[in-house]
Protein chains: 2
Amino acid sequence: MATYSIPSGDSISQHHDAEIAPPETRFDRRLAQILKHATEVFYQKGYDGASMRDLSRASGISLAGMYHYFHSKERLLYLLQKDTFTTVIERLQRRLKTIKDPELRIRAFIFNHLGYFLANRKAMTVLSHEDEALNDDEFVAEIAALKREYYKICLALLDDYKRAKRLQFNSRTAVLSLFGMVNWVYTWHSTRHDPGAVRLSREMGDMFLNGISGQCRQPRRQKSISN
Amino acid sequence: MATYSIPSGDSISQHHDAEIAPPETRFDRRLAQILKHATEVFYQKGYDGASMRDLSRASGISLAGMYHYFHSKERLLYLLQKDTFTTVIERLQRRLKTIKDPELRIRAFIFNHLGYFLANRKAMTVLSHEDEALNDDEFVAEIAALKREYYKICLALLDDYKRAKRLQFNSRTAVLSLFGMVNWVYTWHSTRHDPGAVRLSREMGDMFLNGISGQCRQPRRQKSISN
DNA sequence: TAAATATTCGAACGAACGTTCGAACGATTT
DNA sequence: AAATCGTTCGAACGTTCGTTCGAATATTTA
């Protein structure tokens with residue numbers, strides 16, 4: 001009855017029901033270790049720049065030994081991106097379940113994203129930055145589906161807010177601007193000098209919500225650039 | 001008196017005074033062609049993924065012949081990034097010279113960035129995405145200096161606006177959020193389905209300016225995320 | 001026209017790449 | 001004890017990488 005993962009490159013054990021967390025196979029635990037070390041290497045050198053020899057050295061496993069756990073370097077990146085993205089979405093869904101207020105839901109989205117981003121910076125950087133690195137059609141399609149799902153969730157949050165507050169703005173531009181704000185963080189955020197997730201979420205949340213909440217007194221937009 | 005560029009890898013002729021545009025050396029024109037083709041290849045395959053053979057094929061020059069124009073693949077990327085970034089900054093400075101109003105200056109910044117971004121998407125994508133690809137200290141330092149200059153310009157624009165409108169916000173977060181908004185565009189913008197530079201600049205400008213212009217009636221910020 | 005200089009390229013270099021193979025090892029099962 | 005199975009690895013495969021070299025060809029200078 002024990003659901004052993006079949007070796008040679010499957011993702012971390014698909015425990016079809018989410019009953020228990022820790023009881024993984026030795027195989028799964030080892031693969032998870034490899035993914036963790038691979039995150040570090042991909043983060044430092046990029047996907048193309050990182051060699052299988054780099055990855056094996058970081059994991060303390062021989063070059064050939066790596067291929068017991070995944071079929072190819074590309075699949076390793078895929079596993080990494082899928083696990084990371086899935087976790088982000090799961091956490092988000094769990095948070096949203098308890099929140100009704102449209103504004104707070106948007107704030108929860110931002111906080112969820114930034115919080116996970118800053119706590120798992122390397123994995124999220126690899127996810128954001130090595131977006132186009134995959135070539136295999138199946139991999140590309142699956143990650144693209146997660147991206148679309150994430151986009152749709154955020155779009156719905158903004159549309160709810162828009163309806164509740166009777167606002168007018170381009171939802172698509174707003175979503176993607178928000179994604180830009182929160183994803184770009186990986187290029188500049190310094191743990192030492194920059195605010196943590198809580199304050200950063202508040203600042204960006206204030207800014208974004210004010211931004212989409214439109215003109216205060218008189219309508220903006222009269223001013224235009226001459227040339 | 002003709003200032004011939006010395007072969008073997010110099011940047012496009014440093015015409016110390018910006019007198020005339022077209023009178024370049026044959027060397028310069030050929031190098032410019034190579035840079036143009038290289039932009040396409042780097043855009044498609046990434047810096048690490050693009051081989052010198054790819055680049056030579058795209059340029060219609062033999063593999064060995066490429067090295068007459070630049071010393072290394074890394075230097076080619078450096079030249080590309082430097083030329084692109086320098087052009088963006090020059091254009092910005094020229095625009096800002098004629099604009100006094102703080103809000104319009106910020107709008108000009110956004111329009112300049114997005115306008116150049118959408119018109120030279122491939123070059124700007126390489127600039128944004130291959131940010132960490134350079135290794136040579138001298139190259140890294142020079143591109144980092146341009147980035148800092150660009151950051152400082154934008155920071156000053158926001159501080160001017162803040163002072164003029166007596167606002168309060170974290171300038172650093174605001175600048176970097178704005179950079180995120182406008183730079184992330186390269187990951188999603190579709191020429192067919194998405195607004196052009198003018199409308200996109202207006203939308204993002206409205207959003208950003210409203211965003212930093214703070215609370216309208218009652219102060220936001222009372223609401224907070226429970227957990 | 002001859003000499004000098006700038007440009008081009010075929011061929012090859014050593015190094016590094018992702019992946020494969022078969023043998024070995026360890027633990028568990030018969 | 002023998003057999004099975006999951007795990008590990010050294011060695012090597014064929015390919016591709018960035019770069020170099022020397023000779024050939026244009027182009028400019030004298």
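Chain letters run A, B, ... following the sequence lines, proteins first and then strands; every chain starts at 1.
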Tyr150(A)-Phe109(A) aromatic ring centre distance below 6.0 Å: yes
query: Ring centres of Phe70(A) and Tyr78(A) under 6.0 Å apart?
result: no
Which nucleotide wins on minimum distance to the side chain of [X], given the candidates [options]?
X: Met52(B); options: dG18(D), dC9(D), dT8(C); value: dG18(D)
X: Arg26(A); options: dA12(D), dG10(D), dT7(D); value: dT7(D)
X: Ile61(B); options: dG6(D), dG18(C), dC9(C); value: dC9(C)
X: Ala64(B); options: dC17(C), dT19(D), dG10(C); value: dG10(C)
X: Tyr67(B); options: dA12(D), dC17(D), dT20(D); value: dT20(D)
X: Arg53(B); options: dT19(D), dG18(C), dA11(D); value: dT19(D)

Should [X] be listed as having a side-chain N or O under 4.0 Å from OP1 or OP2 of [N]?
X: Tyr69(A); N: dT8(D); answer: yes
X: Arg30(B); N: dT8(C); answer: yes
X: His68(A); N: dT7(D); answer: yes
X: Ser62(B); N: dT8(C); answer: no

task: Identify whether the distance between the nearest side-chain nitrogen and carboxylate oxygen of Glu40(B) and Lys36(B) falls below 4.0 Å.
output: no
query: If you measure from the Lys or Arg side-chain nitrogens to the Asp or Glu carboxylate oxygens, is any gap between Asp48(A) and Lys45(B) under 4.0 Å?
result: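 Looking at Lys45(B) together with Asp48(A), the answer is no, because their closest N to O distance does not fall below 4.0 Å.
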Distance check needed: [N] [atom2] versus [X] [atom1], whole Å only.
X: Leu31(A); N: dT7(D); atom1: CG; atom2: C1'; value: 14 Å
X: Phe70(B); N: dT7(C); atom1: CZ; atom2: P; value: 14 Å
X: Ile34(A); N: dT7(D); atom1: CD1; atom2: C1'; value: 11 Å
X: Leu55(B); N: dT16(D); atom1: CG; atom2: P; value: 16 Å
X: Glu74(B); N: dC17(D); atom1: CD; atom2: C1'; value: 15 Å
X: Lys73(A); N: dT20(C); atom1: NZ; atom2: C1'; value: 17 Å
X: His71(B); N: dT20(D); atom1: NE2; atom2: P; value: 9 Å
X: Asp54(B); N: dG18(D); atom1: CG; atom2: P; value: 8 Å

- prompt: Can you find a side-chain donor-acceptor pair between Asp83(A) and Thr86(A) that sits under 3.5 Å?
  reply: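 No, no side-chain donor-acceptor pair sits under 3.5 Å.
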